[in-house]
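So the structure is just underneath, and the comments pick up after that.
Convention: sequence-line order gives letters A, B, ...; per-chain numbering from 1.
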Amino acid sequence: MEEKLYTLIIVTENNIGLLNHISVVFTRRHINIRSLTASESKIKDVYTFTIVIKMTEELVRKVAKQLEKIIGIFKVFVYEDSEIIHQELALYKLPISAIKSGINLEQIVRNHNARVLDIKEDYILIEKTGHKTDTQNLLKELQPFGVLQFIRSGRVAMAKPMKPLDDHLKEKEEAYDYI
Amino acid sequence: MATLTQTTKEKTAAPATQKVSGSDAVIRSLLAEGVDLVFGYPGGAIMPVYDSLYQNGKKIEHILTRHEQGAIHAAEAFAKISGKVGVVFATSGPGATNLVTGLSNAKIDSTPLVCITGQVTSNLLGFDAFQETDMIGISMPVTKWNYQITKAEEIPLAFAKAFYIACSGRPGPVLLDITKDALLSSIENFSYQKVERISGYYPYPKIDMEKVREAANLINNAKKPLILAGQGITISGAEKELETFVNKTGIPVAATLFGLTAFPSKHPLFVGMLGMHGNYAPNIKTNEADLIIAIGMRFDDRVTGDTSKYAKNAKVIHIDIDAAEIDKNIKTKVAVVSDAKKALEKLISLVQKNNFEEWLNEFKDLDKVEQDEIIAPNIAPKGKALRMAEVVHRVSEMTKGDPIVVTDVGQHQMMAARYYKFLKPKSIITSGGLGTMGFGLPAAVGAGIAGKDRGVILFVGDGGFQMTIQELATLWHYKIPVKIVLLNNNFLGMVRQWQQLFFDKRYACTTMHNPDFVKIAEGFGLKSRKVQERAELDGALSEMLDSDTAYLLVVEVEKEGNVFPMVPAGAAVSEMILKP
């Protein structure tokens, strides 16, 4: 079966050790996590992990079920790229000489919908959000300036369907008995 | 865990409160959960708990095993026989790490345990203090849940959660790691309330009746159906329901190692054990069945052999409480995510009787092959040397399915499973998923306590026996009358068998130069005897069975005996072989 990029959105409690629990499910099966982002959700004390992995559909379904067994995990959503809106954030640090290099840095920043976050005596810091290809393209264009540092965040994603998280959680709760 | 108190729905009744120490709170919490017996081993960090245990008099009995691994295996067997949660105490560091094998064993075999480990004081956590080990990190992959308690006031709720998690849904082991300062400080208002629900934990899926109807439809239209009964039957207490279901439909039942006592072996529709060393007919027929009804089992690789060639002619109905088991190893047609009892209750009213006479006769034909080629020559061998099978067979004949049979891991385990005729529920205690050598003797301690009225027979090999041999002292100390049948071939028999079959008889490191087991047993205060001659066997077994106290019978068996039939590793179940 063909391997594809999947985005897992894991909705959890705010517990110490959950990240360890989650990563064990992947490491046991020798799966490399491509990116991982943790964040609060709109519900108090409910967190979301956004994990990007490349694997077959069969395997991702099994992994999702293993994850849902972990106590403290409410729900695991599995999405293909077409089902989500996703973004990553990248930061680029260039030497201040980049401004005076003769190439129009401002135009590059505008063309890429990036922005300048900070300018100091010796460096200039640029920020861009977008898909990995977008942030990567900007990196390529900035390389001639002598990029001092580059960093990209993990993916954050939202599903396209309009169903609110609260409804998903309520549905899950109602599908189970507890005693 | 900031949300520990916020996310748990507590019972509304509010009992009286009072000031107690953390370690007292541990004992009170255990009493509130109905615990009257724990297995354990004291040490520095857990000492306050032992002090509170002492001060609480005889309310909780403590079994001092001779090693923490012994404590946890004993607790596993105790839990399986008693239906209660097994409770273990161990100290920090080495005491706690000695539990890891047992935790792993309990996790894979779905055994409810609550293990309480001491931990260094919280201000020393992470400083490599004396006897400090990161038990939360170590035990994470081998527990259903674990939690580190660093404040005394967390104790009641953490315990309530631990007990609820251990025994609800698919049962499993829980570890509570408690820092010494939490045990020594006090709680202003101790009150204990059992929990009925935990946020982010979904133990009992509501049954989907649509799936049940689909399953019933497949069952009613099957021509060659086969039931695979697993431990889920025992855990959910569905033995009666299974029998009713089988009697109503007329469908043959095969059992996994753990399903062996889920269905009476004397029933005419019982067709034997599945798996690598199971019976011939159910393995071969799995690949001819047009419908597999798997109930409370997980298609372990020892059951399926090569999954790409497993049950390819069958539609598969999988009934299991753990949704993660569905489609994990074998693709299902219909999945009923539910405990076995509820699912069978619903199914019974929807199924009808069909005539499977021809199908059943096919099983009988293969049974005859196995009977003639394997069973008969093994229970009444022509050669001089005693065989494991005949010893198990004689014990089975003489005890008539009454006692609890405990085994270790290896050839003797498969022989016990194959040749003992199980007639009652909860009659076999063994290490299934993990295959833990050294499990048997300590498990017999726990089974002997929980199954006092039934008695315990332990079948053990010379290898596994020596891994936890120190627990003979526990048998003696607590006067637990376990009858041990040591099937001694002076080999690590199962590994040797594989060396013979698949490594061209290169017996690397499997020969055992054994001590005098009789003398050892006598040193531990047990009665003991050794037999080598067939003529002495029945007399020796009678003497052992009649003994009021623990007894070690050392039976010298054929050195290079093999367990057959066998599904070779990587082969299909239908490629089961009867001889090398």
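Interface remark: B:Asp322 contributes side-chain atoms only to the contact with chain A (heavy atom separation under 4.5 Å). Neither the backbone nor the side chain of A:Glu58 comes within contact range of chain B; no heavy atoms are under 4.5 Å apart. Contact annotation for A:Leu169: neither backbone nor side-chain heavy atoms come within less than 4.5 Å of a heavy atom of chain B.
In this structure, B:Lys206 fails the cation-pi test against A:Tyr176, since its NZ or CZ atom is not both closer than 6.0 Å to the six-membered ring centre and inside 45 degrees of the ring normal.
Taking a 6.0 Å sphere around CG of A:Asn104, one finds it holds more than 12 heavy atoms contributed by other residues, nucleotides or ligands. By the neighbour-count criterion of 12 heavy atoms within 6.0 Å, atom CZ of B:Arg213 is densely surrounded, having more than that number from other residues, nucleotides or ligands. Within a 6.0 Å radius of CE in B:Met209, more than 12 heavy atoms belonging to other residues, nucleotides or ligands are found. At most 12 non-hydrogen atoms from other residues, nucleotides or ligands lie less than 6.0 angstrom from NZ of A:Lys140. Counted within 6.0 Å of NZ on A:Lys160, heavy atoms from surrounding residues, nucleotides or ligands total more than 12; the atom is thus considered enclosed. Within 6.0 Å of CD in A:Gln107 there are more than 12 heavy atoms belonging to other residues, nucleotides or ligands. With a 6.0 Å radius and a threshold of 12 heavy atoms from other residues, nucleotides or ligands, B:Lys151 has its NZ atom at or below the threshold.
Contact check for A:Tyr178 versus B:Ser168: no side-chain heavy atoms found under the 4.5 Å cut-off. Using a 4.5 Å heavy-atom cutoff, the side chains of A:Arg61 and B:Lys328 are not in contact. Between A:Arg28 and B:Pro141 there is no side-chain heavy-atom pair separated by less than 4.5 Å. Side-chain contact check for A:Lys69 versus B:Lys144: every heavy-atom pair is 4.5 Å or farther apart.
Proximity of a side-chain donor or acceptor of A:Lys65 to a complementary backbone N or O of B:Ile326 within less than 3.5 Å is detected.
Between atom CD1 of residue B:Ile165 and atom CD1 of residue A:Ile71 there is a gap of 4.0 Å, rounded to the nearest 0.5 Å. Atom-to-atom distance recorded for A:Leu18:CG and B:Met140:CE is 8.0 Å, nearest 0.5 angstrom. From B:Tyr204, atom OH reaches atom CD1 of A:Ile179 across 9.0 Å, with rounding to the nearest 0.5 Å.
Looking at every heavy atom in both residues, A:Ile73 comes nearest to B:Tyr202 through O-CE1, 3.6 Å.
Put simply, of A:Glu68, A:Lys75, A:Glu174, the one with the most heavy-atom pairs under 4.5 Å next to chain B is A:Glu174.
A salt bridge does not link B:Glu325 with A:Lys62: every distance from a Lys NZ or Arg NE/NH1/NH2 to an Asp or Glu carboxylate oxygen is 4.0 Å or more.
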